[in-house]
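In what follows, a structure is listed as structure tokens, so that the remarks can point back to it.
FYI, side chains are in, hydrogens and waters are out, and symmetry mates aren't considered; it's all heavy atoms of this structure. Per chain, numbering begins at 1; letters A, B, ... match sequence-line order. Computed from a prediction, not measured in an experiment: that's the story for all the values here.
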Amino acid sequence: MPIALVDCNNFYVSCERMFNPKLEGKPVVVLSNNDGCAVSRSNEVKALGIKMGEPWFRMKDISKQHGIIALSSNYTLYGDLSARVMATLANFSPQQEIYSIDECFLDLGGFDPKTLAEYGQKIRKTVKRNVGIPVCVGIGDTKTLAKLANHCAKKGLSGSDGVCDFGQLNSQRRSELFSSIPVGEVWGVGRKITEGLAKLNIKTVEDLRRASPEYLRQQFSIVLVKTVNELNGIPCIELEEAGTPRQQIMVSRSFGSSVSALDGLSESVAHYTTRAAEKLRRDGSIAASICVFIRTNPFREKDEQYSRSIVVPLLQSTDDTTKLVKSALIGLKSIYKPALNYAKSGVLLMGLHEKGSAQRTLFDDPAEQPRSDKLMYVLDSINQKMGKDSLTIGASGTKQRWAMRRELKSQNYTSDINELLEAW
DNA sequence: ATGCTCCTGCGAA
DNA sequence: CTAACGTTCGCAGGAGCAT
């Protein structure tokens with residue numbers, strides 16, 4: 001059963017180029033939050049040898065030399081364009097799994113196997129024309145093979161022009177191709193496992209494909225065995241369609257500059273909890289506990305280091321921002337240590353379950369739940385109508401000096417008419 | 001021996 | 001001028017505990 005993996009090329013950079021064509025043909029990087037390090041690179045930047053995750057301050061010199069254009073990440077824009085790409089791709093298959101912001105799997109079972117490469121080209125042309133984003137298509141009998149085929153398509157391996165269909169290869173050609181690909185390119189094989197495999201002299205995809213599953217099970221984990229099966233065309237990882245809500249919700253950020261006082265940390269924690277609670281309500285879930293963490297900057301080795309977290313159980317599972325914030329701030333107070341340079345804080349909502357299934361406590365006030373629901377409904381409605389944080393809780397503060405740096409951000413072209421006009 | 005919860009490591013984008 | 005290094009999610013598996 002063939003599966004396609006469609007992946008956008010240099011997605012964030014491609015989004016920026018769509019609304020600013022002057023960036024076309026030039027070296028462009030998009031930076032992570034806080035303008036920290038490279039998370040998306042144009043081909044020109046890759047050619048200069050700049051690696052994924054390279055810190056911005058360390059590439060400033062080479063950037064000046066080659067006129068690299070750096071941009072802060074603009075998730076409002078990328079999220080919006082992602083939704084357009086996914087909606088377009090949904091037309092090409094009855095079953096779609098949106099795997100990340102820039103890629104999805106499509107079930108191509110039932111299509112004529114001989115025409116799949118052609119179909120892949122049609123997908124590419126349609127997305128490019130309708131949305132403006134370039135994509136590559138990989139096709140294989142399992143999700144792992146589809147991912148690998150996509151890698152080949154991106155690299156232009158085995159004569160592929162943006163589309164690679166492993167179904168077209170006979171076993172001889174496939175072996176040759178797999179022998180030329182380092183094992184670390186396989187989905188599920190990261191740094192550690194690549195190291196471990198190298199010790200066993202398993203270095204290419206072909207080496208891994210032919211390795212003994214029993215031996216790998218003993219040396220590694222069941223996950224790697226599944227990967228090997230998938231490389232051999234035996235499906236072990238199902239296509240998952242949307243529906244199952246998340247099991248945990250994390251919101252955390254590094255600060256724009258370090259924070260020492262409890263006040264500043266409290267504001268940040270209240271703010272992240274507000275964001276997390278919004279996601280929670282969007283999922284239709286409630287949380288049983290909230291974890292709060294703070295930490296100093298491990299890269300500043302001269303600073304005293306400190307990293308603590310605490311789980312605060314809620315008396316009753318809830319999706320109420322005010323209750324979650326109260327608990328989070330109690331937790332924060334208990335782990336706060338004065339006179340340190342904190343670099344980051346965050347919250348994690350845990351023990352999530354469906355809202356309908358709330359366990360009630362013996363001493364419930366029956367009027368309380370509807371009151372809370374009504375308040376959250378009003379809060380969400382106003383913010384949806386008037387914009388994020390039009391109405392928010394006082395504990396988040398107003399100055400937010402800890403807010404992250406985004407000095408190089410482009411406009412919100414697709415979600416704010418004034419910013420679009422400004423860009424013209 | 002079995003089943004849980006909590007925590008860490010790993011991988012992914 | 002200096003210092004400046006991301007975020008969010010799931011899964012596996014071991015430790016620790018209770019039964």
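In this structure, the nucleotide among C:dA12, B:dA13, C:dT8 sitting nearest to the side chain of A:S221 is C:dA12. Out of C:dT7, B:dC10, C:dA12, the shortest distance to the side chain of A:I193 is found at B:dC10. Relative to the side chain of A:Q248, the nucleotides B:dG11, B:dA13, C:dG10 differ in distance, and C:dG10 lies closest. Of the candidates C:dG10, B:dG11, B:dA13, C:dG10 carries the atom nearest the A:Q247 side chain, counting heavy atoms from C-beta on. Of the candidates C:dA4, C:dC9, C:dT7, C:dA4 carries the atom nearest the A:K60 side chain, counting heavy atoms from C-beta on. When distances are taken from the side chain of A:R300 to each of B:dA12, B:dC10, C:dA3, the shortest belongs to C:dA3. Ranking C:dC9, C:dG13, C:dT7 by closeness to the A:N33 side chain, first place goes to C:dT7. With C:dG6, C:dC9, C:dC5 as the choices, the nucleotide that has an atom nearest any side-chain atom of A:S254 turns out to be C:dG6.
We find that A:K22 and A:E16 are not joined by a salt bridge, their nearest charged nitrogen and carboxylate oxygen being 4.0 Å or further apart.
Residues A:R209 and A:N232 have side chains that bring a donor and an acceptor to within less than 3.5 angstrom of each other.
Contacts of A:E54 with the nucleic acid, taken as non-hydrogen atoms under 4.0 Å apart, are absent. If you check every strand for non-hydrogen atoms under 4.0 Å, A:K344 touches sugar and phosphate atoms only. Residue contacts for A:R406: at a heavy-atom cut-off of 4.0 Å it reaches no nucleic acid atom on any strand shown. When heavy atoms are screened at a 4.0 angstrom cut-off, A:V223 is found touching the sugar-phosphate backbone but no base atom. Within 4.0 Å (heavy atoms only), A:W56 reaches no atom of the nucleic acid at all. Within the nucleic acid shown, A:V225 has no heavy atom closer than 4.0 Å to any nucleic acid atom.
Aromatic ring centroids of A:F178 and A:F166 lie under 6.0 Å apart.
We find the CD1-CG distance between A:I3 and A:L145 to be 9.0 Å, quoted to the nearest 0.5 Å. A distance of 8.0 Å separates CH2 in A:W56 from CD1 in A:I50, rounded to the nearest 0.5 Å.
Of the two residues near DNA chain C, A:E240 and A:R253, the one whose nearest nucleotide lies more 5' is A:R253. Nearest-nucleotide positions on DNA chain C for A:V251 and A:N297 put A:N297 closer to the 5' end.
Straight-line distance from the CZ atom of A:R308 to the P atom of B:dC7: 12 Å, rounded to whole Å. In this entry the distance linking OH of A:Y75 with P of C:dG6 reads 12 Å, nearest Å.
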